[in-house]
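Computed from a predicted model, the values in this text were never measured in an experiment. Both ligands and their constituent atoms are indexed starting at 1 by order of listing.
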Amino acid sequence: MGKKPPRVVLTVAGGDPGGGAGLQADLRVFRALDLYGVSVITAITAQNTRTVDSVFPLPPEQVRSQLEVLLADINPLATKTGMLASVAIVNEVVRFARDGRLGRLVVDPVMTSTSGHELADAGIERDLLDLIRLADLVTPNIAEATRLTGIEILSMADMKAAAHSMMDMNARAVCITGGHLRGDPVDILFDGHDFIELTGRRAGALEQEFHGTGCLFSAAVAGYLAREMDLVAAVTAAKRLVTAAIDRAINPGQGLSVPDPPMLEP
Ligand code: PLP
């Protein structure tokens, strides 16, 4: 008797040789959630826990081939997109999403690293919106929400205004993560009707920054959607997982700490 087929989740993201962010981080989350992770790489970066040295986006045709060949064989229940790096790659991914081949879709609109390095073409925001409109959820942090909406975010009221603005741009649901504001991190989830405030506790030392937190969060939401949770439950569980991962953060290098997701209880 063969085993039950695995639940498959896909990440379409950049690679981080240091393992803290990007598709390496996503695959660790999928493993922790007892899912089978598959990955399409969009860009090769040269980085460690201290710095991003360079970014090399793959040719869009190569990303298309990876998706074509993978999806001809394996069908993901859910997909998360992370660093898409170039407008041309975004447009490739849009085509697959439009054809409904990616399953439930979570878009993490990665543009800049916590260490301040650009990870995407200037002006990618406009094309990202085409993908965001096809997604079950978009998960910008404060800086990404500002770049997508033009709204400066200093308070909860600003976060809500930015969420409204995202919905006006035809997002289906948005979760703005507030971890980069001061105080305990409050994320807001908005589906155009109800605001849900997800209040967390600031883990780690005061002012401490972590590498890969946004990647873990969006990967976890996609993972929980693949486990058939509804959106609110998936976002709530993903926030809990990220907090637990920050509590267990490790230092593989000499720079930023890397959150370490705990394995799901069987
Ligand atoms: N490198 C890659 C490939 C990423 O996808 C990301 C974030 O999504 C980063 C680096 C930046 O990670 P962080 O801002 O958490 O340091």
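- Ligand 1 has no N or O atom lying under 3.5 Å from any N or O atom of Thr45, backbone or side chain.
- A parallel orientation is assigned to the rings of Phe190 and Phe195, their planes being inclined by less than 30° (bins at 30° and 60°).
- At the top of the distance list for atom 11 (C) of ligand 1, counting protein heavy atoms only, stands Ser113 CB, 3.7 Å.
- For the pair Arg28 (side chain) and Gly19 (backbone), a donor-acceptor distance under 3.5 Å is present.
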Does the side chain to side chain contact (heavy atoms under 4.5 Å, CB included) test come out yes or no for Leu77 and Leu225, once each step is laid out?
-> CA-CA 8 Å; Leu77 294 164; Leu225 290 176; over 6 Å; no

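- Nearest-heavy-atom check against atom 7 (C) of ligand 1 across Gly212, Gly18, Cys215 picks out Cys215.
- Set against the non-hydrogen atoms of Met83, the atoms of ligand 1 under 4.0 Å away are 3 (C), 5 (O).
- The ligand atoms of ligand 1 that sit less than 4.0 angstrom from a heavy atom of Ala21 are 6 (C), 9 (C), 10 (C), 12 (O).
- Side chains of Ser257 and Asn251: a donor on one and an acceptor on the other come within 3.5 Å.
- With hydrogens left out, the protein atom closest to atom 13 (P) of ligand 1 is Thr114 OG1, 3.3 Å, a heavy atom.
- In this structure, Glu144 does not pair ionically with Arg147, as no charged nitrogen and carboxylate oxygen lie closer than 4.0 Å.
- One finds no salt bridge joining Glu228 and Arg104 here, because no Lys/Arg side-chain nitrogen approaches an Asp/Glu carboxylate oxygen to under 4.0 Å.
- Of all protein heavy atoms, the one closest to atom 4 (C) of ligand 1 is Gly22 N, 3.8 Å.
- Checked against a 3.5 angstrom limit, the closest N/O atoms of Gln47 and ligand 1 fall inside it.
- When hydrogens are left out, the protein atom nearest atom 16 (O) of ligand 1 is His211 ND1, 2.6 Å; that is the closest non-hydrogen contact.
- In Leu119, the part holding a heavy atom less than 4.0 Å from any atom of ligand 1 is the side chain.
- The closest donor-acceptor contact from the side chain of Thr79 to the backbone of Thr11 lies at 3.5 Å or more, if one exists at all.
- For the residue pair Ser165 / Asp168, no side-chain donor-acceptor distance below 3.5 Å is found, with atom types taken as modelled.
- Numbered from 1 in the order shown, with element, the atoms of ligand 1 that lie under 4.0 Å from a heavy atom of Gly14 read 3 (C).
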